[in-house]
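Below is one structure, written out as structure tokens; the observations come after it.
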Amino acid sequence: MAEPAGFIRLFLDEGLPMASLLSEAMALGSMPDYLRKLLAAWEAEKQQSENTSSPPPPAQSLLEPLSERELEVLRLVATGLSNQEISERLFLALGTVKGHNLKIFGKLGVQRRTEAIARARELGLL
């Protein structure tokens, strides 16, 4: 049911138990293309988390601090990636990335990406 919509994050968020189930399904020959895509995404995320042992974010002087995911999206925005590129990199739907941007802008009290980056730098978030 998830394949036509291209859902990936739904499976990744379930962690190792889901990866084991996906591997078992792959061994049975069920939906090989989609399962290969899911397992590749899971491996990529696993490697990324192992390779980026980033220090905790500095204490934020915001009324509502940015979540880890919002900080991750903000960092990618600061590198110049488009919403679509961020979506692909984080295995999120484009609408989810846009939603994160709106929350980030609201928490930082800004209207545009450039303002968000500047404000985040002022706060020591980037």
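Just so you know, these numbers use all the heavy atoms, side chains as well, and skip hydrogens, waters and symmetry mates.
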Taking side-chain hydrogen bond (donor to acceptor under 3.5 Å, both in side chains) as the definition, give me every residue that meets it alongside Glu85, ordered by chain and number, with sequence neighbours left out.
Ser82
First locate atom OG of Ser87, then atom CD1 of Ile8, and finally report the distance between them rounded to the nearest 0.5 Å.
9.0 Å
With salt bridge (charged side-chain N to carboxylate O under 4.0 Å, His left out) as the test, would you mind laying out the steps for Lys37 and Asp33 before giving the verdict?
CA-CA 6 Å; Lys37 183 177 181 178; Asp33 294 335; over 6 Å; no
Taking the side chain as C-beta and beyond, is there a heavy-atom pair between Thr96 and Leu90 under 4.5 Å?
no
Using the test salt bridge (Lys or Arg N to Asp or Glu O under 4.0 Å), find all partners of Glu43 that sit at least two apart in sequence or belong to another chain.
none
Partners meeting side-chain hydrogen bond (donor to acceptor under 3.5 Å, both in side chains) with Glu122 (sequence neighbours left out)
Arg119
So which heavy atom on Leu125 is nearest to which on Leu108, and how close?
CD1-CD2, 4.3 Å
With rounding to the nearest 0.5 Å, note down the distance linking NE2 in His100 to CG in Leu74.
12.0 Å
Donor-acceptor contacts, no H, no angles, side chain residues 18-30, under 3.5 Å, sequence neighbours left out:
unit_1, atom_1, unit_2, atom_2, d
Ser20, OG, Leu16, O, 3.3
Ser23, OG, Ala19, O, 3.0

For Asn101 against Val77, the heavy-atom pair lying closest together:
OD1-CG2, 3.7 Å
Residue pairs passing the side-chain hydrogen bond (donor to acceptor under 3.5 Å, both in side chains) test where at least one lies in residues 103-113, sequence neighbours excluded:
Glu70-Lys107, Asn83-Arg113
Any carboxylate oxygen within less than 4.0 angstrom of a Lys/Arg side-chain nitrogen, looking at Arg69 and Glu72?
yes
Output for pair (Leu38 CG, Leu12 CG), nearest 0.5 Å, gives 7.0 Å
Phe11 side, atom CZ; Leu35 side, atom CG - distance, nearest 0.5 Å:
8.0 Å
Under the side-chain contact (heavy atoms from CB on, under 4.5 Å) test, which residues partner Ala118, sequence neighbours left out?
none
Inter-residue atom distance Arg89.CZ - Leu81.CG, 0.5 Å rounding
5.0 Å
Taking the side chain as C-beta and beyond, is there a heavy-atom pair between Leu76 and Val97 under 4.5 Å?
no
Let me confirm one number: the CG-CD distance from Leu94 to Glu88, rounded to the nearest 0.5 Å.
9.0 Å
Might you confirm whether atom CZ of Phe7 has over 12 heavy atoms from other residues, nucleotides or ligands at distances under 6.0 Å?
no
Least distance between heavy atoms, Ala78 atom then Leu126 atom:
CB-CD1, 3.7 Å
Please list, chain by chain and in numerical order, all residues satisfying salt bridge (Lys or Arg N to Asp or Glu O under 4.0 Å) with Arg121, sequence neighbours excluded.
none
